[in-house]
Chemist: 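Here it is, the structure, as structure tokens.
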2 protein chains.
Amino acid sequence: MPSSAKVPMPTLERLATYLTVLTDLKVRSIDTISSADIESRAGVNAAQFRKDLSYFGEFGRPGIGYNVNELHKRISRILKLDKTQPVLLVGAGNLGSALAGYPPLRAENFQIVAVFDNNPSKIDTKLWDLAIKDIEKIVSENETLQAKIGIIAVPSRVAQEVAEKLVEAKVSTILNFAPTMLKLPSGITARNVDFVQELAVLSFHLPND
Amino acid sequence: MPSSAKVPMPTLERLATYLTVLTDLKVRSIDTISSADIESRAGVNAAQFRKDLSYFGEFGRPGIGYNVNELHKRISRILKLDKTQPVLLVGAGNLGSALAGYPPLRAENFQIVAVFDNNPSKIDTKLWDLAIKDIEKIVSENETLQAKIGIIAVPSRVAQEVAEKLVEAKVSTILNFAPTMLKLPSGITARNVDFVQELAVLSFHLPND
DNA sequence: TAGATTGTTAATCGATTAACAATC
DNA sequence: TAGATTGTTAATCGATTAACAATC
């Protein structure tokens, strides 16, 4: 029942996976599932799944299983995906553009509310339906927007600098796509998405000729 | 000394992180570092770093530390990043386009050698310097190319189908950007990059108003 | 030599999974 | 009731870290 007991990071990551599976089950109009079903669909051990949920309360009925809609709703709630989250995007290059136009983000209630760049020739042009703004204005812009999540999609060499501006703009969590270790004040949560790292791990597993 | 003893996945992931740090040290012309330096720069415990390396042999000199260039070279070698790896990209949308034009990939010796899509209006047009080819031709195309790594950058609903084509084309490792659980034959290694999952974890950590 | 730092062992910590009483 | 499946405890497994002899 306690929602405050420290939740392991892997549990949190799997929660998002369960949501993906549950969304799919909803589409297929399946309305009850067991932890064993999850095991076969998500590749996560059934006991693991039940344990993960146990950090947040009771969700199923012994002998029956879980109601798909209810479980989806409750996990969304836990991950704070039940209401729209405003997000600041920094970097209007290829990657930033792809992120701003990425449908699954909207589907899960993340809304990019502003895009920033430092390139004068981009400032005041549009990225999809958003005006690209001067990165120097991020602090004042976010006074109104009040976004708490920031995405860094700029080259590595300026990522640290951008991170500091995001912190100044009162963002408290950062998703960093640049392959750099950010130095951040405590209290700021950051995650790195590193394509090259992912490919490197795959590369290691390649058969040796 | 054994390179074959099963290496933990987190070790492999950190190896790529070390490489990033080492590249940076090379740029700064620093040529010797200790595990304690790595701890402060990569945020990884010094003992952890030494343990990670120990799966692959001996790399440093007691009392001295590690030679930056040599360590970089050896880790590159371990991850098979010392020679160019050909990669097939499926999906010539926004994300595929961003990946194909992503400089760090080239910097680490990954080379996208072909792009495939199923959209007739895209086929035979160019994505950067590559001709977009019909996904139906992937098997025959890869007979010549012999790429072993595939990237899936298509919408979720077609990701499974694309994965199967990649397997048919004799790819053995897959990086999947679609938020779906792929069902793959054993022997195929896959990793998912899920932006929404990353954001969901951040979202969880958001202060409750 | 004295000081620094490695590679590795052993101790700790935490996450995964099996087992089962409770319950539908 | 008998069968199914949960939530949770306890056992297992594996990864992280501290400690230290070896060595530069």
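So you know, we letter chains A, B, ... as the sequences are listed, proteins then strands, and number each from 1.
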Chemist: Is A:Glu70 salt-bridged to A:Arg61, cutoff N-O under 4.0 Å?
Modeler: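 A:Arg61 and A:Glu70: not salt-bridged.
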Chemist: Please give the nucleotide sitting opposite D:dA15 as a Watson-Crick or G-U wobble pair, both distances under 3.5 Å, or none.
Modeler: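 Checking every strand shown, D:dA15 finds its partner in C:dT12, with both distances under 3.5 Å.
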Chemist: Rounding to a whole Å, what distance do you find between B:Lys6:NZ and D:dA15:C1'?
Modeler: 10 Å
Chemist: Determine: side-chain N/O of B:Ser35 to OP1/OP2 of C:dT6, distance under 4.0 Å, yes or no.
Modeler: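 Result: yes.
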Chemist: From CZ of A:Phe56 over to C1' of D:dT8, roughly how many Å is that when rounded to an integer?
Modeler: 16 Å
Chemist: Let me know, please, whether A:Gly63 or B:Arg61 comes out on the 5' side of the other along DNA chain C by nearest nucleotide.
Modeler: B:Arg61
Chemist: Atom CD of B:Gln48 and atom P of C:dT8: how far apart are they, to the nearest Å?
Modeler: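 In whole Å, C:dT8 P lies 15 Å from B:Gln48 CD.
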Chemist: Less than 6.0 angstrom from the centroid, inside 45 degrees of the normal: does B:Arg74 satisfy that with respect to the ring of B:Phe59?
Modeler: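 The answer is yes, since B:Arg74 meets both limits relative to B:Phe59.
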Chemist: Between C:dG7, C:dA15, D:dT6, spot the one nearest the side chain of B:Arg50, thanks.
Modeler: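 Nearest to the side-chain atoms of B:Arg50, counting from C-beta on, is C:dG7.
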Chemist: Quick one: are the ring centres of A:Phe49 and A:Tyr66 less than 6.0 Å apart?
Modeler: yes
Chemist: Measure from the side chain of B:Pro10, starting at C-beta and using heavy atoms only, and say which of C:dT8, D:dT17, D:dA15 lies closest.
Modeler: D:dA15
Chemist: Given C:dT9, C:dA18, D:dA18, identify the nucleotide with an atom nearest to the side chain of A:Asn45.
Modeler: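 Between C:dT9, C:dA18, D:dA18, the one nearest the side chain of A:Asn45 would be C:dA18.
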Chemist: By nearest atom, which of the nucleotides C:dT8, D:dT5, D:dA18 is closest to the A:Ser34 side chain?
Modeler: D:dT5
Chemist: Applying a 3.5 Å limit to both distances, which nucleotide forms a Watson-Crick or G-U wobble pair with D:dA4?
Modeler: C:dT23
Chemist: Counting side-chain heavy atoms from C-beta on, which of D:dT16, C:dA18, C:dT16 comes nearest to A:Arg14?
Modeler: C:dT16
Chemist: How about A:Thr32 and A:Val68: do any of their side-chain heavy atoms sit closer than 4.5 Å?
Modeler: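 No; the side chains remain at least 4.5 Å from each other.
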Chemist: Tell me which of A:Ala47 and B:Ile64 sits closer to the 5' end of DNA chain D, going by the nucleotide each one is nearest to.
Modeler: A:Ala47
Chemist: Side chain of A:Phe59 only, please: which of C:dT6, D:dA10, D:dG7 is the nearest?
Modeler: D:dG7
Chemist: Round to the nearest Å and state the distance from B:Leu71 atom CG to C:dG7 atom C1'.
Modeler: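 About 14 Å, once rounded to whole Å.
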Chemist: If you compare every side-chain N and O of B:Tyr66 against the phosphate oxygens of D:dC24 (OP1, OP2), does one of them come in below 4.0 Å?
Modeler: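 False: B:Tyr66 side-chain N/O out of range (4.0 Å or more) of D:dC24 OP1/OP2.
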Chemist: If only atom types and distance count, is the side chain of B:Ser76 paired as donor or acceptor with the main-chain N or O of B:His72 below 3.5 Å?
Modeler: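 Between the backbone of B:His72 and the side chain of B:Ser76 there is a qualifying donor-acceptor contact (under 3.5 Å).
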Chemist: Whole Å only: how far is the NZ atom of B:Lys51 from the P atom of C:dA11?
Modeler: 13 Å
Chemist: A side-chain contact here means heavy atoms from C-beta on lying under 4.5 Å apart; do B:Ser54 and B:Phe56 qualify?
Modeler: no
Chemist: As a test of reading the structure: which of C:dT16, D:dA18, C:dT23 is closest to the side chain of A:Pro62, going by heavy atoms?
Modeler: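 So the side chain of A:Pro62 is nearest to C:dT23.
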Chemist: Rounded to whole angstroms, how far apart are CD1 on B:Ile33 and C1' on C:dT6?
Modeler: 12 Å
Chemist: Rounded to the nearest angstrom, tell me the gap between atom CG in B:Asp52 and atom P in D:dT17.
Modeler: 10 Å
Chemist: To the nearest Å, how far apart are A:Glu13 CD and C:dT16 P?
Modeler: 10 Å
